[in-house]
Asks: 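Take a look at this one; I'll ask things after.
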Amino acid sequence: MHIMEGFLPPMWCAFWYVLSGIVVGYGVIKMNKLMKEQPEVKPLLAVAGAYMFVLSSLKLPSVTGSCSHPCGNGLSAVLFGVPITAVLATVVLLFQALLLAHGGITTLGANVFSMGIMGPLAGAIVWKILKGKINSSWAIMLAAIAADWITYVTTSIQLTLAFPGNNPIATLTTFLGIFAITQVPLAIAEGLLTVILWDKIKELRPDILLKLGVIDESEVPNYTSSLNTSTGGAE
Amino acid sequence: METKHIIMILGVILLTAAPLIMYAGKGEEQGYFGGADDAAGEAIEKLNPNYKPWFSPIWEPPSGEIESLLFALQAAIGAIIIGYFVGYNKAKIELKSGNQ
């Protein structure tokens with residue numbers, strides 16, 4: 001979903017830089033606060049970032065005959081919210097822009113906006129709607145699919161805004177054809193992978209998930225009952 | 001690893017392999033599995049023949065080999081962190097239940 005270096009007019013580069021900059025700046029503040037107040041979440045923060053690192057390096061073939069990569073942004077969006085995800089996405093995108101010439105420095109703002117803000121926002125909304133209604137594993141799957149897919153839809157819209165052509169609707173369709181359709185099976189694959197990691201986290205560190213308030217105690221009955229029986233103080 | 005997870009991994013493999021099978025034996029024209037990013041770049045050039053990218057990457061991997069090296073590095077960094085997290089916590093839980 002990277003918009004390539006130089007492929008956005010300077011005006012739009014500045015526009016997306018300002019929008020993303022505000023969110024990333026807020027995210028840095030939130031992240032520092034979170035790490036200070038709940039230092040035990042740090043490993044999970046690293047895992048969420050690492051997951052984005054892995055997934056965005058996997059360029060998978062798709063039914064359209066071209067390749068694209070999943071984003072991994074849904075997991076982080078559910079765990080830490082949009083602003084912190086924007087910070088993590090910026091790190092990933094910087095790595096790719098500087099070392100791989102994927103995406104670019106001028107288009108970084110636009111790419112952070114799609115992968116770090118709009119996608120995660122979609123994921124967070126889906127999560128919010130489903131939370132408590134269905135098992136968290138299925139909720140995270142749908143949230144991850146939404147986050148991944150909306151990232152690419154956003155890229156298509158961004159490109160259409162910058163290059164509307166004579167017929168903006170046709171242009172949007174072209175870009176959606178390139179990004180959004182390619183992304184459908186990849187988003188589903190990301191959803192499935194995210195469930196596997198999510199279940200692992202839930203099994204290993206339910207305490208952090210409870211602390212972050214992303215799941216409630218009914219999700220991890222074994223964990224909370226084992227806490228109650230061991231009557232405290234055994235840390 | 002539950003059965004559910006094994007089915008999910010199979011699903012991921014299927015989703016990845018299906019396009020390769022669909023386009024098997026076809027030429028470069030249909031299904032060369034180029035990047036979607038590049039396809040978008042071409043679309044922009046087609047829509048706006050006058051548009052010239054005004055900035056080019058400061059540094060580009062000198063070859064496809066170096067590029068795949070860096071991609072593998074990116075995946076490895078992430079995988080190490082996730083693997084460490086899972087392994088560390090799993091061992092901690094096992095140690096705890098072993099001591100009781």
Side-chain angles (χ1 to χ4, degrees), chain A residues 1-7 9-10 43-44 46-47 49-68 95-106 137 155 159 163 165 171 174-175 178-179 182-183 185-186 188-189 192-193 195-197 199-200 204-205, chain B residues 1-2 4-5 7-9 11-12 15-20 22-23 26 30-41 43-44 46-48 51-61 67 70-82 84-86 88-90 92-93 96 100:
Chain A
M1 98 291 150
H2 306 103
I3 299 175
M4 290 196 295
E5 186 79 278
F7 271 85
L44 205 52
V47 165
Y51 188 61
M52 284 168 94
F53 240 69
V54 176
L55 285 211
S56 60
S57 73
L58 301 175
K59 298 208 253 181
L60 303 174
S62 180
V63 285
T64 51
S66 62
C67 281
S68 193
F95 181 99
Q96 295 195 319
L98 293 175
L99 295 179
L100 294 158
H102 277 244
I105 295 302
T106 58
S137 298
T155 303
L159 286 174
F163 302 100
T171 310
T174 308
F175 287 125
I178 292 170
F179 286 115
T182 305
Q183 201 60 23
L186 306 191
I188 297 169
L192 295 173
L193 282 174
V195 175
I196 296 169
L197 182 58
D199 284 353
K200 210 77 219 159
L204 296 171
R205 294 304 298 269
Chain B
M1 179 96 34
E2 298 169 39
K4 179 177 95 183
H5 296 149
I7 294 170
M8 284 174 166
I9 290 173
V12 173
L15 282 167
T16 316
L20 298 174
M22 276 168 58
Y23 287 93
K26 292 200 175 158
Q30 332 107 305
Y32 188 55
F33 294 111
D37 294 359
D38 299 336
I44 293 169
K46 211 186 261 173
L47 278 165
N48 298 271
Y51 184 78
K52 287 271 171 302
W54 60 283
F55 199 86
S56 47
I58 306 165
W59 185 80
E60 265 183 89
E67 190 179 353
L70 291 164
F71 262 115
L73 182 69
Q74 187 191 337
I77 293 170
I80 287 169
I81 295 171
I82 295 172
Y84 181 85
F85 174 85
V86 171
Y88 177 82
N89 285 297
K90 199 167 167 61
K92 216 162 90 176
I93 289 172
K96 227 181 194 172
Q100 276 176 1

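Just so it is clear, the model here is predicted, and its values are computed rather than measured. Chain letters run A, B, ... following the sequence lines, proteins first, then strands; residues in each count from 1.
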Asks: Got a second to check how far Ile77(B)'s CD1 is from Phe95(A)'s CZ, nearest 0.5 Å?
Replies: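 Between Ile77(B) CD1 and Phe95(A) CZ, I get 5.0 Å after rounding to 0.5 Å.
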Asks: Of the backbone (N, CA, C, O) and the side chain (C-beta and beyond), which part of Ile7(B) lies under 4.5 Å from a heavy atom of chain A, both, or neither?
Replies: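 No part of it gets close to chain A.
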Asks: Tell me, for Phe179(A) versus chain B, whether the close heavy atoms (under 4.5 Å) come from the side chain, the backbone, both or neither.
Replies: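 It is the side chain, since no backbone atom gets that close.
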Asks: Identify which part of Gln96(A) has an atom lying under 4.5 Å from any heavy atom of chain B, answering side chain, backbone, both or neither.
Replies: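 Only the side chain of Gln96(A) comes within 4.5 Å of chain B.
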Asks: I'd like to check the side-chain contact (heavy atoms from CB on, under 4.5 Å) partners of Leu204(A); sequence neighbours left out, ordered by chain and number.
Replies: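 Expected list: Lys200(A), Val86(B), Asn89(B), Lys90(B), Ile93(B).
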Asks: Rounded to the nearest 0.5 Å, what separates atom OG in Ser62(A) from atom CG in Leu15(B)?
Replies: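 Reported to 0.5 Å precision, the distance equals 9.0 Å.
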Asks: Please name the pair of heavy atoms, one in Gln74(B) and one in Ser56(A), separated by the smallest distance, quoted to 0.1 Å.
Replies: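 Result for this residue pair: NE2-OG, 3.1 Å.
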Asks: Measure Thr16(B) against the heavy atoms of chain A and call it side chain, backbone, both or neither at under 4.5 Å.
Replies: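 Both parts, backbone and side chain.
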Asks: Is Leu186(A) close to chain B through its backbone or its side chain, or both, or neither, when contacts mean heavy atoms under 4.5 Å?
Replies: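 Looking at Leu186(A), nothing touches chain B.
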Asks: Under a 4.5 Å cutoff for heavy-atom pairs, which residue among Ala18(B), Ala72(B), Ala76(B), Gly41(B) has the most contacts with chain A?
Replies: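 It is Gly41(B).
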Asks: For the residue pair Tyr51(B) and Phe7(A), categorise the inter-ring angle as parallel (less than 30°), tilted (30 to 60°) or perpendicular (more than 60°).
Replies: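 Ring orientation, 0 to 90° scale: tilted.
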Asks: Look at the side chain of Tyr23(B) and the backbone N and O of Val63(A), then say whether any donor-acceptor pair between them is shorter than 3.5 Å.
Replies: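 Yes.
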Asks: Could you look at Ile105(A) and say if it's the side chain, the backbone, both or neither that has a heavy atom under 4.5 Å from chain B?
Replies: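 It is the side chain, since no backbone atom gets that close.
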Asks: Minimum heavy-atom separation for His5(B) and Ile196(A), please, with both atom names.
Replies: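 Smallest heavy-atom distance, with atoms named: O-CD1, 3.9 Å.
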Asks: Supply the atom-to-atom distance Leu47(B) CG to Thr171(A) OG1, rounded to the nearest 0.5 angstrom.
Replies: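 Nearest 0.5 Å value for the CG-OG1 distance: 5.0 Å.
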Asks: To the nearest 0.5 Å, tell me how far Asp38(B) CG sits from His102(A) NE2.
Replies: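 If I round to the nearest 0.5 Å, the distance is 7.5 Å.
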Asks: Does any part of the side chain of Thr106(A), heavy atoms only, come nearer than 4.5 Å to the side chain of Trp54(B), both counted from C-beta?
Replies: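 SC-SC contact between Trp54(B) and Thr106(A) confirmed.
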Asks: So which part of Asn48(B) gets closer than 4.5 Å to some heavy atom of chain A, the side chain, the backbone, both or neither?
Replies: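 When you check distances to chain A, only side chain atoms of Asn48(B) fall under 4.5 Å.
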Asks: If you compare all heavy atoms of Ala40(B) against all heavy atoms of Phe175(A), which two are closest, and at what distance to 0.1 Å?
Replies: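 What the structure gives for the nearest pair is O-CE2, 4.0 Å.
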Asks: With only heavy atoms counted, which part of Leu100(A) is less than 4.5 Å from chain B, the side chain, the backbone, both or neither?
Replies: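 Answer is both: backbone and side chain atoms of Leu100(A) are under 4.5 Å from chain B.
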Asks: Can you find a pair of side-chain heavy atoms, one from Lys46(B) and one from Thr174(A), that are under 4.5 Å apart?
Replies: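 No; the side chains remain at least 4.5 Å from each other.
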